[in-house]
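By convention in this document, chain letters (A, B, ...) are assigned in the order of the sequence lines, proteins followed by strands, and residues within each chain are numbered from 1. All values below come from the heavy atoms of this structure, side chains included, with hydrogens, waters and symmetry mates left out.
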There are 2 protein chains.
Amino acid sequence: MAVASDAVRSRILAAGQRITPQRDVIAQLLEAASRPLGATELCAAVAAEDPRIGRATVFRTLAALEQAGIVAQVSLPGGQTGYLLCGTDGHHHHLVCQGCGGVDDVLEAAVSPFLRRLERDHRFRVDHASFTIYGTCARCAGPGVPRSARSTPAR
Amino acid sequence: MAVASDAVRSRILAAGQRITPQRDVIAQLLEAASRPLGATELCAAVAAEDPRIGRATVFRTLAALEQAGIVAQVSLPGGQTGYLLCGTDGHHHHLVCQGCGGVDDVLEAAVSPFLRRLERDHRFRVDHASFTIYGTCARCAGPGVPRSARSTPAR
DNA sequence: TCGGCTATGATACTTGGTCTCAGAGAGGCG
DNA sequence: CGCCTCTCTGAGACCAAGTATCATAGCCGA
Ligand SMILES: [Mn+2]
Ligand SMILES: [Mn+2]
Ligand SMILES: [Zn+2]
Ligand SMILES: [Zn+2]
């Protein structure tokens, strides 16, 4: 549990960036999380792992990992930004479950027809769209168990 | 040019909130803007209009107007939040032109089929989705005038 | 193993808001 | 119209989420 996965490490290298102990810690924490982490939350987790790692490094690392296509941001309800380790390559979108916090990837191919239609209907060329959609995943929704009867999900 | 439109004023009242000179100034500035205003930008404009109006009031007013369904937030590219006076009633979405900064409304009905499809394909119940899509409007895109030949649009 | 170039930490600064609390004033009611 | 209540306001402290600077540390290709 001391290092990030080889997959992540090789993607950092592939993006022409260096592997450092700090990046390893941060990538590992994101990899271990089952949901997007907020900035403060992540900084706290990093500090717990190694208090010598500075805040600036956390944000720099997030930026580096984002450039490498490893990390994505989702804007959590409430307006905060969540940081998320992404397996899927290339541009895609996110379904965030408000129950368990889990994230599902939506491939660009699934939204493309919708965007093409918008372009026609509004005479507008779409340059950039990135969706984060909130809701409830199948596991959290049931099956058959009404919402009110379920125990409070992890926050 | 000293007051916001009656439409805006009556919608504030309809939401059970009071009309104050401060709110009038802020609503009027948003109404006059042809594009979303950033926080700093709006605060500066408010201060120019009446320097006694405090920052807290600006943000409180934005929150009040948002609750009244008059103001919407869009996240501008670059991450900043833009505040925007909305004519359209009810939940809807926004197309932001990167050329002129103008905003077009997309009715919920236009995105609903897309969301229904996502729900089926991902076994996920969508509770909340709010899209801001960046691109180029028809006026900024042409007609026939290539992008490189156009003069720099308003920032 | 060495050296260049990238990454880091400390720290100060900035942006975009929120909180508190005493005081002002909007507007419903008589 | 004038009062009273309840909302709204301003000042200013506070906070979260970054960003800028710069000297130092250390990754990794040769
Ligand atoms: Mn993803
Ligand atoms: Mn709108
Ligand atoms: Zn779930
Ligand atoms: Zn335009």
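Whole-Å rounding puts the B/Gln80 CD to C/dT14 C1' distance at 12 Å. Computed from coordinates, the B/Arg52 CZ to D/dG12 P distance equals 16 Å when rounded to whole Å. As rounded to whole Å, 23 Å separates atom P of C/dA24 from atom CD1 of B/Ile19. Between A/Asp50 atom CG and C/dA7 atom P there is a gap of 18 Å when expressed in whole angstrom units. Here C/dT8 presents its C1' atom at 14 Å from CD of A/Gln17, a figure rounded to the nearest Å. Taking atom CG of B/Asp24 as the reference point, atom C1' of D/dC8 lies 14 Å away to the nearest angstrom. A/Ile12 has its CD1 atom 17 Å from the P atom of C/dT6, to the nearest Å. Protein atom CG of A/Leu62 is 15 Å distant from nucleotide atom C1' of C/dT8, rounded to whole Å.
A donor-acceptor pair is defined here as one N or O able to donate and one able to accept, closer than 3.5 Å; such a pair exists between the side chain of A/Arg23 and the backbone of A/Arg18.
Between B/Leu13 and B/Phe59, it is B/Phe59 whose nearest contact on DNA chain C lies nearer the 5' terminus.
Using a 30° and 60° split on the angle between ring planes, A/His91 and A/His128 fall in the tilted class, from 30° to 60°. Classification of the A/His93-A/Phe131 ring pair by plane angle, with boundaries at 30° and 60°, yields tilted.
Within the structure, salt bridge (charged side-chain N to carboxylate O under 4.0 Å, His left out) pairs that include any residue of residues 61-89 of chain A comprise A/Arg11-A/Asp89 (at least two apart or interchain).
As judged by a 4.0 angstrom heavy-atom cut-off over every strand, B/Arg60 is placed among the base-contacting residues. Residue-level contact check: B/Ala56 touches the bases, meaning some heavy atom is under 4.0 Å from a base atom. Residue-level contact check: A/Pro21 touches the backbone only, with heavy atoms under 4.0 Å from sugar-phosphate atoms and none from bases.
For A/Ile53, whose side chain is taken as the heavy atoms from C-beta onward, the closest listed nucleotide among C/dT8, C/dG9, C/dT18 is C/dG9. The side chain of A/Thr57 sits closest to C/dG9 out of D/dC27, D/dT9, C/dG9. Checking D/dT9, C/dG4, D/dC8 against the side-chain heavy atoms of A/Arg18 singles out C/dG4 as nearest. Of the candidate nucleotides D/dG18, C/dT8, D/dC8, C/dT8 has the atom lying nearest to any side-chain atom of A/Arg23.
The number of heavy-atom neighbours closer than 6.0 Å to CZ of B/Arg117, taken from other residues, nucleotides and ligands shown, is 12 or below.
Between A/Gln22 and D/dG26 there is no side-chain N or O to OP1 or OP2 distance below 4.0 Å. Proximity of A/Thr20 to the phosphate of D/dG26: no side-chain N or O atom is located under 4.0 Å from OP1 or OP2.
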